[in-house]
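Single-structure report; data block below.
Convention: sequence-line order gives letters A, B, ...; per-chain numbering from 1. Reckoned from all heavy atoms, side chains included, excluding hydrogens, waters and symmetry mates.
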Amino acid sequence: MKRTMKLCALVIALGAFAASSALAQVAVIANKDVAVSSLDETTVKNLYNLVVNEVGGAKVKLFDLTSDTPTKVKFFEMIGKPGAEMRKVWLKAKLTGNGTPPEGVATEDDVVAKVASTPGAIGYVSKDKAGAGVKVLMVVN
Amino acid sequence: MRLFALLIITVVLVSGTFAQSPLEVFGYVQTSFTSFQNNWEFEAPPGEADYRYNYMGINQLNVLFAKDFGDGLSGLINFEYINNYSSANGFGSFNVQEAYIRWDYKPWLKVKFGMVIPQFNAMFEIYNKTPLLPYVLRPKLYEANTGNLVDIFNILPQRSLLHLNGAVPVGTLVLEYSAFMGNPPSSFMSSPDNDMIPGYVAYGQSAVAYLSRGGRVGFRYGDIRAGISYATDRANQRAFVKDVDGTTVDLGDIPRAKFGADFTASLAGFTLTGEYLKVSSNTSSATDDSLTAWNAADPYFIGKSFDKEFYYATLQYNVTDDLAVYAMYDYLNDSVDPFYFGLDGYYGYHLGAFYSVNEAVVLKFQFTNNHARYDTQEPVNPIRGFEELQFSAGVSYAF
């Protein structure tokens with residue numbers, strides 16, 4: 001009986017770990033008309049740092065979550081800049097006329113809806129939110 | 001019926017206009033308080049004094065208008081008001097800081113045409129964009145309060161008319177470049193005080209044939225960014241003041257080269273930022289001899305060369321994402337002007353902190369200790385040190 005209990009606890013713990021890992025994954029999503037099927041980390045960093053503004057030869061429109069959710073924190077960890085520093089990069093681009101900052105969106109559901117309906121759109125959401133209306137270009141583990 | 005047709009035409013025209021993105025209006029402000037005092041070593045020379053005063057107000061206020069016209073075309077206009085601008089009281093100044101149309105062809109080619117602050121070193125492009133800067137009082141060359149000491153366009157390039165820039169990712173490295181050309185320095189622009197070709201050249205327009213030119217090449221690699229810059233133009237020395245009595249001589253238009261280097265790196269919460277600028281003038285041997293003779297006659301008033309130098313270095317530590325502290329050293333010298341820059345230039349130590357309340361509002365604090373040393377030509381203690389102490393607190397916000 002004790003053995004069975006231990007096994008159950010282990011299964012539950014593993015299940016919880018797997019679930020939390022899945023939740024922790026962030027997907028970089030795109031409108032279905034974006035001409036590429038995947039992006040590497042460097043390209044995503046260059047896009048959100050406004051170094052480049054096109055993918056597959058076509059201009060893109062970026063979306064960003066307005067509040068500091070765990071998804072956003074994890075995404076900007078991958079970018080290599082905390083949210084405050086990233087906002088400074090975007091403000092600099094706006095004030096110097098050197099780029100268009102991402103459009104802020106309140107919720108992950110809104111990001112999915114905006115990306116699905118905007119040609120050339122790219123955004124990020126937790127992986128389980130990425131639905132059939134968009135395509136996943138990269139997963140941040 | 002006619003009215004109805006007119007209404008339809010109007011609606012079509014208006015909707016066509018607004019098919020482009022709407023006009024964006026935004027800007028930024030810096031308001032600050034500074035307590036100033038200066039001290040002369042031994043005692044103040046004749047005509048000088050030890051002063052203490054406080055001042056507060058709006059150092060910087062910029063209102064920008066931007067519009068995306070589609071097809072990669074966009075426009076930006078930047079109006080600047082500095083130092084408590086008031087036309088009624090004659091305070092500060094107002095000017096069109098930038099006004100250009102931009103064409104984004106590709107990330108490696110962006111073209112701006114109009115009045116553009118060029119990408120020359122790292123700081124120039126953002127020197128008056130106060131929400132992006134940690135300082136209340138900026139490094140000397142860029143600080144509006146230092147504007148009476150040196151015209152920044154004598155060290156930095158004049159605003160450009162045509163500006164190309166771009167970025168080329170090569171793996172994890174990003175190569176950057178800019179190339180620009182524009183008006184000559186302001187001293188070649190016709191104005192009520194400097195009517196260069198009366199009856200021919202309108203005020204505000206250049207009265208010489210040549211254009212200033214320059215550029216920057218650099219790279220970004222992770223949190224490291226560095227570059228070198230170069231620009232060339234001429235200095236208008238057609239009415240050079242050679243002595244304290246105001247006697248002028250014609251030294252002509254002196255060609256000069258402006259060299260720059262910039263560096264920024266971040267590691268473990270620390271960010272080191274620095275810039276170096278050097279202006280080298282190509283004077284004739286006759287001009288050099290004249291400067292030497294005038295300097296011998298009055299070393300307090302006139303220097304031996306037209307060379308200029310500026311640098312600063314800032315070490316910042318990010319205590320949290322929103323709070324940072326920094327230490328800065330800066331140095332500025334215009335060799336021809338010892339009356340202001342003394343024997344060794346004008347240099348300072350700065351300690352400061354800033355706190356980002358949110359993405360729009362930054363609180364700033366700064367302590368500044370500036371120094372210079374002058375040959376006063378007084379019979380007792382002719383070489384005297386000069387010190388400034390400034391405590392500043394301010395807030396920058398973007399709207």
Side-chain angles (χ1 to χ4, degrees), chain A residues 35-36 39-62 64-68 72-106 118-120 122, chain B residues 21 24 26-28 62 64 66 68 71-72 74-78 98 100-102 104-108 110 112 114 116-117 119 124-126 128-133 163 165-176 220 222-223 266 271 318 320-324 356 358-360 362 398:
Chain A
V36 298
L39 287 177
D40 59 29
E41 200 172 297
T42 303
T43 305
V44 175
K45 284 180 182 176
N46 283 337
L47 282 169
Y48 273 85
N49 275 297
L50 309 182
V51 173
V52 298
N53 63 346
E54 60 178 37
V55 164
K59 290 216 167 33
V60 296
K61 178 172 175 55
L62 301 176
D64 175 48
L65 286 165
T66 48
S67 51
D68 287 335
K72 179 169 180 166
V73 170
K74 188 171 181 66
F75 180 71
F76 285 114
E77 274 174 15
M78 184 276 291
I79 297 288
K81 288 191 171 81
E85 210 174 315
M86 207 67 235
R87 285 194 294 270
K88 214 170 234 189
V89 170
W90 295 341
L91 183 60
K92 179 182 174 183
K94 184 175 176 178
L95 295 180
T96 57
N98 284 332
T100 306
E103 183 180 324
V105 177
T118 310
I122 288 179
Chain B
S21 78
E24 267 193 283
F26 51 97
Y28 53 92
N62 288 63
L64 292 87
D68 185 346
D71 298 322
S74 57
L76 184 139
I77 299 173
N78 178 358
E98 297 170 280
Y100 59 80
I101 187 156
R102 187 178 93 150
D104 277 11
Y105 174 61
K106 291 283 179 184
W108 51 266
K110 296 170 181 177
K112 291 176 181 173
V116 184
I117 298 176
Q119 289 182 359
F124 187 29
E125 198 183 18
I126 58 165
N128 59 6
K129 309 228 171 11
T130 52
L132 301 172
L133 303 173
H163 186 278
N165 73 286
V168 183
V170 182
T172 52
L173 184 74
V174 178
L175 302 175
E176 305 171 324
R220 285 182 208 202
D223 288 327
S266 297
T271 301
N318 301 312
T320 66
D321 283 355
D322 301 317
L323 175 67
S356 300
N358 54 39
E359 62 186 86
V362 187

Taking side chain as everything from C-beta outward and backbone as N, CA, C, O, which of these in [X] sits under 4.5 Å from a heavy atom of chain A? Side chain, backbone, both or neither.
{"X": "N78(B)", "value": "neither"}
{"X": "L76(B)", "value": "side chain"}
{"X": "Q119(B)", "value": "side chain"}
{"X": "A66(B)", "value": "neither"}
{"X": "D321(B)", "value": "both"}

Mind listing the side-chain donor-acceptor pairs of residues 77-94 of chain A below 3.5 Å, one per line with the distance, residues two or more places apart or on another chain?
residue: K81(A); atom: NZ; partner: N49(A); partner atom: OD1; Å: 3.1
residue: W90(A); atom: NE1; partner: Y48(A); partner atom: O; Å: 2.7

Review point. Which of residues 97-105 of chain A get closer than 4.5 angstrom to chain B, counting heavy atoms alone?
Key: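 So far as heavy atoms go, G97(A), N98(A), G99(A) are the residues that approach chain B to under 4.5 Å.
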Exercise for review: Compare every heavy atom of Y100(B) with every heavy atom of T96(A), then report the nearest pair and how far apart it is.
Suggested key: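 Of all heavy-atom pairs spanning T96(A) and Y100(B), the closest is O-OH, 3.0 Å.
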Exercise for review: Return the option, out of E176(B), K112(B), R220(B), with the maximum number of heavy-atom pairs under 4.5 Å with chain A.
Suggested key: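 Max contact count across the listed options: K112(B).
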Check your understanding: More than 12 foreign heavy atoms under 6.0 Å from CG of D71(B): is that the case here?
Key ->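 For D71(B), atom CG is not crowded (no more than 12 foreign heavy atoms under 6.0 Å).
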Exercise for review: State, with a plain yes or no, whether a side-chain heavy atom of P107(B) is found less than 4.5 Å away from one of N53(A).
Suggested key: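 Result yes, sub-4.5 Å side-chain heavy-atom pair found.
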**Study point:** Under the side chain to side chain contact (heavy atoms under 4.5 Å, CB included) test, residues paired with T42(A) that sit two or more places apart
**Key:**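 Partners of T42(A) by the side chain to side chain contact (heavy atoms under 4.5 Å, CB included) criterion, ordered by chain and then number, come out as D40(A), N46(A), T172(B).
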Review point. What residues form a side chain to side chain contact (heavy atoms under 4.5 Å, CB included) with K72(A), not counting sequence neighbours?
Key: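 Only D64(A), L65(A), D68(A), T69(A), F76(A), Y124(A) meet the side chain to side chain contact (heavy atoms under 4.5 Å, CB included) criterion with K72(A).
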**Study point:** Intermediate values then yes/no, side-chain contact (heavy atoms from CB on, under 4.5 Å), F26(B) and L95(A)
**Key:** CA-CA 9 Å; F26(B) 51 97; L95(A) 295 180; 3.9 Å; yes
